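Structure record follows, encoded as structure tokens.
Just so we're clear, the structure is a prediction, and the values are computed from it rather than from any experiment. Just so you know, ligand 1 is whichever comes first in the structure, and atom 1 is the first atom listed for that ligand.
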Amino acid sequence: MLTFKDIKGHEDSIARLSTAIGRKTLASAYLFHGPEGIGKFSAAKAFARAVNCETETGHDCGICSSCLRIDGGNHPDVHVINEGYDTEIKIECVRQLQQEICLRPYEARYKIFILNDSHNLNAVAANALLKTLEDTPAKSIIVLVTDKPRVMPATIVSRCRRENFRPLSRAAFMSALAGQGFDAPAREYLSYSCEGRLGMALKLKGSPVISDKNSAIDRVLSGRLDDSMKREDIRKELAVMAVWFRDVYVTKLGLETAINGDRKRELAQCAARYGFADLERIFAAISSSLLYLEQNVNSKLLLANLQVSLQVGRAGG
Ligand SMILES: [Zn+2]
């Protein structure tokens, strides 16, 4: 569990939230926004724990019964909506929230509702939520978490106290990963591939980061992209590909700054095989694939297109 004091690089937000808890000046609605994978959702859960911790207010001790149950997702007063799904949030979800929010907390100080990826509220659901935000019952807090605040209705955003989460500096990112038990090669690799987004890196905790990225590179090199992967896994694969072809590019330029320094031989082979125009086409294909993935384009189609762009010498490359 990532407690308030473990959350690195977002000290301003954490301090503001802690102070509001201590002074009992909490808002009834918050908007946690910032790039995908930055740790907003972890911060929202830590906030819920800090608000309701049984030991000291403003700090989530991480070991009391309340903290443990919030972390485990079985506290009766803390509700997470849309965790792990990047799908439309429908009116039924908001109705459920509305029924629940009218009841007093069972045991906690506050009832807390975390709406993950809240930009996925559909228009009807957003309208219904607006009514609740206009008149949130006492002792309840709604936390909207999103990487796309701009696509959310201004009427909703304006009713929330905003906390902006930014990418971490390299030093803060590396030290946070060390604290979470990542070994040195994994920290080094992730510091480039995650671009300071701690939440993205923490999803890989406990997995063999280096051998997983090498397997993904092997799939790319052999032209065997697996189209049965889940969207989340495709996103990870695309991130590995982006770093790989960035490395091919710098190798081609004669620079010694490859992030995949453990695979210099294959990098040299790729650098000889692909022209600069090929590489530029591949970068464009990877970034449009990431965009298509967000727009829920069929993943088989997406990977088939990407596979074509990995072939050498198209479009005069
Ligand atoms: Zn606690």
Side-chain angles (χ1 to χ4, degrees), residues 1-34 37-84 96-97 100-118 136-146 160-165 168 172-173 175-182 198-206:
M1 151 185 356
L2 204 60
T3 64
F4 252 8
K5 66 177 180 330
D6 297 327
I7 295 177
K8 305 281 187 237
H10 305 302
E11 283 79 6
D12 290 355
S13 290
I14 301 304
R16 256 192 308 278
L17 294 167
S18 299
T19 306
I21 296 169
R23 292 187 183 157
K24 299 191 169 57
T25 52
L26 287 162
S28 57
Y30 284 88
L31 181 73
F32 285 13
H33 63 102
I38 200 101
K40 306 178 293 296
F41 182 71
S42 299
K45 280 194 86 170
F47 174 59
R49 288 194 303 266
V51 168
N52 287 319
C53 180
E54 289 166 5
T55 54
E56 195 185 348
T57 23
H59 296 280
D60 49 334
C61 74
I63 49 172
C64 72
S65 156
S66 170
C67 281
L68 288 174
R69 281 180 297 150
I70 292 172
D71 195 59
N74 45 34
H75 193 295
D77 292 315
V78 176
H79 303 266
V80 176
I81 296 157
N82 207 32
E83 179 175 9
Q96 223 173 351
L97 177 153
E100 194 62 45
I101 207 169
C102 290
L103 306 169
R104 292 167 61 82
Y106 293 100
E107 54 179 89
R109 288 186 204 96
Y110 285 86
K111 276 189 124 89
I112 300 191
F113 298 83
I114 301 172
L115 255 94
N116 196 33
D117 286 333
S118 53
T136 310
K139 302 288 170 197
S140 330
I141 302 172
I142 298 174
V143 184
L144 304 177
V145 178
T146 181
C160 300
R161 195 179 288 171
R162 298 176 70 150
E163 288 297 343
N164 187 4
F165 291 76
L168 270 64
F173 182 86
S175 108
L177 287 195
Q180 292 291 316
F182 285 85
L198 191 57
M200 185 185 256
L202 289 179
K203 282 187 186 162
L204 303 173
K205 191 178 169 179

Item checked: Close side-chain approach of Val143 and Leu115, heavy atoms under 4.5 Å -> no

Item checked: Pair Ile141-Lys111, side chain to side chain contact (heavy atoms under 4.5 Å, CB included): steps then yes or no -> CA-CA 6 Å; Ile141 302 172; Lys111 276 189 124 89; over 6 Å; no

Check: What pairs of residues pass the salt bridge (charged side-chain N to carboxylate O under 4.0 Å, His left out) test when at least one of them lies in residues 11-29, not counting sequence neighbours?
Finding: Arg16-Glu163

Notebook entry, point to check: Quick one: are His33 and Asn164 in side-chain contact, heavy atoms under 4.5 Å?
Noted result: yes

Note to self: Applying ring pair (Phe, Tyr, Trp, His ring centres under 6.0 Å), can you list everything that pairs with Tyr30, at least two apart in sequence or on another chain?
What the structure shows: Phe47

Checklist line | Proximal protein heteroatoms (N, O or S) of the Zn ion (ligand 1), under 2.8 Å | finding: Cys53 SG, Cys61 SG, Cys64 SG, Cys67 SG

Item checked: Pairs touching residues 37-53 that satisfy side chain to side chain donor-acceptor pair (under 3.5 Å), sequence neighbours left out -> Arg49-Asp60, Arg49-Asp71

